[in-house]
Number of protein chains: 2
Amino acid sequence: MQTKYSKVIQVIKSRILDGTYTPKQKISSENELMKEFEVSRHTIRVAIGQLVNEGWLYREQGAGTFCADRKENRNSSSNKRNIAIVTTFISDYIFPSIIRGAESYLSELGYQVSLYSTNNDIDTEKRILENILSQQVDGVIIEPTKSAYSNPNINYYFNLERMNIPYIMINAFYDELEPICLVVDDEKGGFLQTEHLIKLGHKQIAGFFKTDDTQGVKRMKGYIKAHRKHQIPINPKNIISYSTEEKRTKPAAELKKLIDLQTDVPTALVAYNDELALMLLDVLRESKLKVPQKMSIVGFDDSFLAQASEIKLTTISHPKMKMGEQAAKMIVELVESQHQSTKQLVESVIFEPELIVRHSTSEQKES
Amino acid sequence: MQTKYSKVIQVIKSRILDGTYTPKQKISSENELMKEFEVSRHTIRVAIGQLVNEGWLYREQGAGTFCADRKENRNSSSNKRNIAIVTTFISDYIFPSIIRGAESYLSELGYQVSLYSTNNDIDTEKRILENILSQQVDGVIIEPTKSAYSNPNINYYFNLERMNIPYIMINAFYDELEPICLVVDDEKGGFLQTEHLIKLGHKQIAGFFKTDDTQGVKRMKGYIKAHRKHQIPINPKNIISYSTEEKRTKPAAELKKLIDLQTDVPTALVAYNDELALMLLDVLRESKLKVPQKMSIVGFDDSFLAQASEIKLTTISHPKMKMGEQAAKMIVELVESQHQSTKQLVESVIFEPELIVRHSTSEQKES
DNA sequence: TCCGATTTGTTCGTATGTATG
DNA sequence: GCATACATACGAACAAATCGG
């Protein structure tokens with residue numbers, strides 16, 4: 001955005017999309033906008049002129065400028081259907097599988113699949129939602145960004161609802177919305193990871209959790225519950241939480257610290273996911289700590305990474321492709337029922353996680 | 001017609017309609033119009049601005065204002081642009097990175113990105129191309145399916161050209177089309193893989209190539225060239241080629257056969273890509289052949305898999321994200337130049353592969 | 001019904017930046 | 001390098017419509 005007027009356009013458009021300006025509502029006068037943006041009236045008029053031309057606003061001389069009602073604009077004339085898939089990361093890890101599951105189903109039905117990635121960044125999510133709202137999208141499959149925090153973009157979701165665009169959340173969801181969602185029972189997953197280690201006799205179990213996603217928070221909760229159930233005290237040092245931005249450095253650094261301790265060195269690790277488990281494995285190799293003899297480790301997601309290395313990871317199952325396919329089926333049902341009068345009942349699905357035992361865990365002998 | 005600018009609009013419009021201004025002809029400059037109508041330049045700009053918005057004229061900075069060809073009106077109403085990305089596999093391997101590179105660039109420009117995967121299957125490719133041709137797609141980034149074979153869907157590509165939908169091929173291309181493409185110099189890559197091993201003293205080098213893609217065929221060619229250059233005879237048994245459908249079984253089985261040989265057992269392996277290298281590594285582990293002491297292995301693509309296992313793979317670089325981003329930039333240029341009269345020159349790019357030496361290769365001592 | 005404040009509509013003047021040929 | 005033509009931006013003035021008192 002180079003020019004001043006395009007900046008004005010951008011801001012006003014996003015106010016329409018996030019619900020600051022609702023249909024038929026009068027927006028600020030040219031004079032007020034001049035002061036707000038510190039530009040001349042001319043510049044404001046150029047910006048508003050363009051928005052009027054694009055159908056976002058309409059002007060009434062003497063009265064003011066008003067927000068247009070774009071709902072009536074959406075002509076269902078086009079028979080082509082368009083589903084948007086929004087994930088945090090396109091390229092990493094299990095997402096390609098989820099996307100593939102959805103794509104193969106949707107593409108076969110002649111749907112178009114549009115892809116967006118937020119990089120787990122709130123501002124990018126905002127931009128994408130604006131994009132979706134201003135284009136012709138019939139349904140959205142979305143993985144929430146930074147789902148553990150309250151989301152400033154929540155209004156965009158309400159706008160989706162107002163425009164009758166159904167959406168389904170995968171992997172996590174924002175509590176406030178109570179959306180239809182497809183999630184793994186992450187708390188149970190974390191519980192299974194930890195209980196498996198406890199049953200093998202481990203008492204000092206370090207847990208690494210990415211806590212800007214609900215997934216991480218819930219897995220940590222399961223980790224704690226397992227300790228409680230088996231009445232094993234938790235050493236606070238053994239819980240390491242990190243954010244997306246820290247993922248390449250903090251967990252590895254913290255593990256090194258733990259290993260160098262003189263007392264209460266952990267004998268087992270619970271990793272937020274397989275990707276992290278592999279990073280931790282690298283640290284363990286450097287420290288010449290053999291897995292599983294000297295250190296047990298449990299991953300999460302049963303991704304291809306779990307079997308990539310020489311140590312085949314014990315991990316927790318994740319439906320991946322199935323989740324994508326299921327989400328696709330559900331969004332199709334919702335979209336089709338939108339165009340008919342029949343109201344289908346589509347309900348959230350919670351996938352049960354399962355422990356997959358491989359060779360990265362072993363019994364802890366009494367010391 | 002009260003206002004001055006509407007008088008100007010009226011006159012210019014009638015000049016277009018009566019043929020005074022014919023399509024693509026330059027109309028009088030703003031300065032000339034000022035004098036003619038005896039109004040200020042601003043008034044002229046308001047009038048022309050409205051005519052541009054209605055599609056009667058278009059402006060080109062530095063050149064002038066021109067009469068539009070209203071015959072080509074078709075879908076000029078939609079200012080949203082749509083790029084289709086077609087790859088063989090969405091979820092596998094390096095494609096997520098390519099897609100991500102393209103998505104991040106396109107999405108920022110407000111383009112919509114539609115995703116399709118052919119699973120390297122000709123019939124699916126056909127269905128997808130039909131889909132694309134019947135929907136509003138402004139540009140296509142496509143990885144050819146089974147690029148080593150002649151393609152029965154070639155007509156669909158000609159159809160794209162006929163409909164003025166630009167397309168760019170990545171990773172490989174169909175010779176017949178001579179398209180704009182973005183590829184790695186696979187022959188040189190295969191050459192680098194092999195020469196590296198030869199220089200380390202290896203003489204029995206087995207090569208595994210997926211030969212339904214051009215990539216595999218070219219890498220094999222490089223493998224052969226390296227042998228020729230260093231005057232090392234090739235044992236025919238050492239070349240294993242396979243197709244997409246066989247990839248999960250044949251290479252591993254063939255490697256087992258090679259290992260069990262009594263004479264001329266290979267001391268080094270050239271793998272089609274990192275994914276295959278990892279599968280071969282699993283076979284070597286089973287056979288207790290230590291890498292790199294007893295067996296050297298070179299991958300291709302420098303994917304995350306190259307560093308996932310305990311053995312960090314020596315491999316060949318692949319631009320991945322950069323390739324996706326570059327493809328996105330090029331298709332945008334092509335699409336935008338389509339809507340103007342200016343013809344941009346976009347040329348194919350060949351990426352130079354580089355050898356990345358890690359720990360999966362070592363010197364072969366004279367036996 | 002009229003008045004005055006507000007808001008958008010039209011017009012002019014001026015200046016600087018940037019792309020084209 | 002230069003002239004031409006469009007792009008962006010600011011300031012000022014008056015007209016026309018709306019709305020509340």
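By convention in this document, chain letters (A, B, ...) are assigned in the order of the sequence lines, proteins followed by strands, and residues within each chain are numbered from 1. Values below: every heavy atom of this structure, side chains too, minus hydrogens, waters and symmetry copies.
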[X] has an atom [atom1]; how far is it from atom [atom2] of [N], in whole Å?
| X | N | atom1 | atom2 | answer |
| --- | --- | --- | --- | --- |
| H42(A) | dG13(C) | NE2 | P | 15 Å |
| I27(B) | dC6(D) | CD1 | C1' | 12 Å |
| R59(A) | dG9(C) | CZ | P | 5 Å |
| I44(A) | dC10(D) | CD1 | P | 9 Å |
| I9(A) | dA7(D) | CD1 | P | 14 Å |
| K26(B) | dT20(C) | NZ | P | 15 Å |
| E30(B) | dA19(C) | CD | P | 17 Å |
| K7(A) | dA9(D) | NZ | C1' | 18 Å |

Next item on the list: Take the C1' atoms of the five end pairs on each side of the helix from dC2(C)-dG21(D) to dG21(C)-dC2(D), get both axes, and report the angle to 10 degrees.
Entry: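 It works out to 20° between the end axes.
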Check whether any side-chain nitrogen or oxygen of [X] sits under 4.0 Å from OP1 or OP2 of [N], and answer yes or no.
| X | N | answer |
| --- | --- | --- |
| S29(B) | dT4(D) | no |
| R45(A) | dT8(C) | no |
| T65(A) | dT8(C) | yes |
| T3(A) | dA7(D) | no |

Note to self: Heavy-atom nearest nucleotide on DNA chain C for S28(A) versus V46(B): which residue maps closer to 5'?
What the structure shows: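 First, find each residue's nearest nucleotide; the 5'-ward one identifies S28(A).
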Is the shortest heavy-atom distance from the side chain of [X] to the side chain of [Y] under 4.5 Å?
| X | Y | result |
| --- | --- | --- |
| I48(A) | L33(A) | yes |
| T3(A) | S6(A) | yes |
| E143(A) | F95(A) | yes |

Note to self: I'd like to know if the side chain of S147(A) and the backbone of P144(A) have a donor-acceptor N/O pair within less than 3.5 Å.
What the structure shows: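 Flag not set: sc S147(A) to bb P144(A) has no pair under 3.5 Å.
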Next item on the list: Could you tell me whether the side chain of D185(B) and the main chain of F351(B) form a donor-acceptor pair under 3.5 Å?
Entry: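 Flag not set: sc D185(B) to bb F351(B) has no pair under 3.5 Å.
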Margin query: Using every non-hydrogen atom in the two residues, find where I128(A) and S107(B) come nearest and quote the distance to one decimal.
Written below: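 That closest heavy-atom pairing would be CG1-OG, 4.4 Å.
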Next item on the list: Search all heavy atoms of T20(A) against all heavy atoms of Q25(A) and return the closest pair with its distance.
Entry: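 Smallest heavy-atom distance, with atoms named: O-OE1, 3.4 Å.
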Margin query: Test side-chain hydrogen bond (donor to acceptor under 3.5 Å, both in side chains) on Q112(B) and N82(A); report intermediate values, then the result.
Written below: CA-CA 11 Å; Q112(B) 199 181 116; N82(A) 194 346; 2.7 Å; yes
Next item on the list: Please work out whether the ring planes of H42(A) and H42(B) are parallel, tilted or perpendicular, with thresholds of 30° and 60°.
Entry: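 H42(A) and H42(B): perpendicular rings.
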Next item on the list: Please work out if V39(B) contacts a base, only the sugar-phosphate, or nothing of the nucleic acid, heavy-atom cut-off 4.0 Å.
Entry: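 Sugar-phosphate contact only.
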Item checked: Nucleic acid footprint by protein, nucleotides 13-21 of chain D - heavy-atom cut-off 4.0 Å, B for base, S for sugar-phosphate alone -> B--BBB---
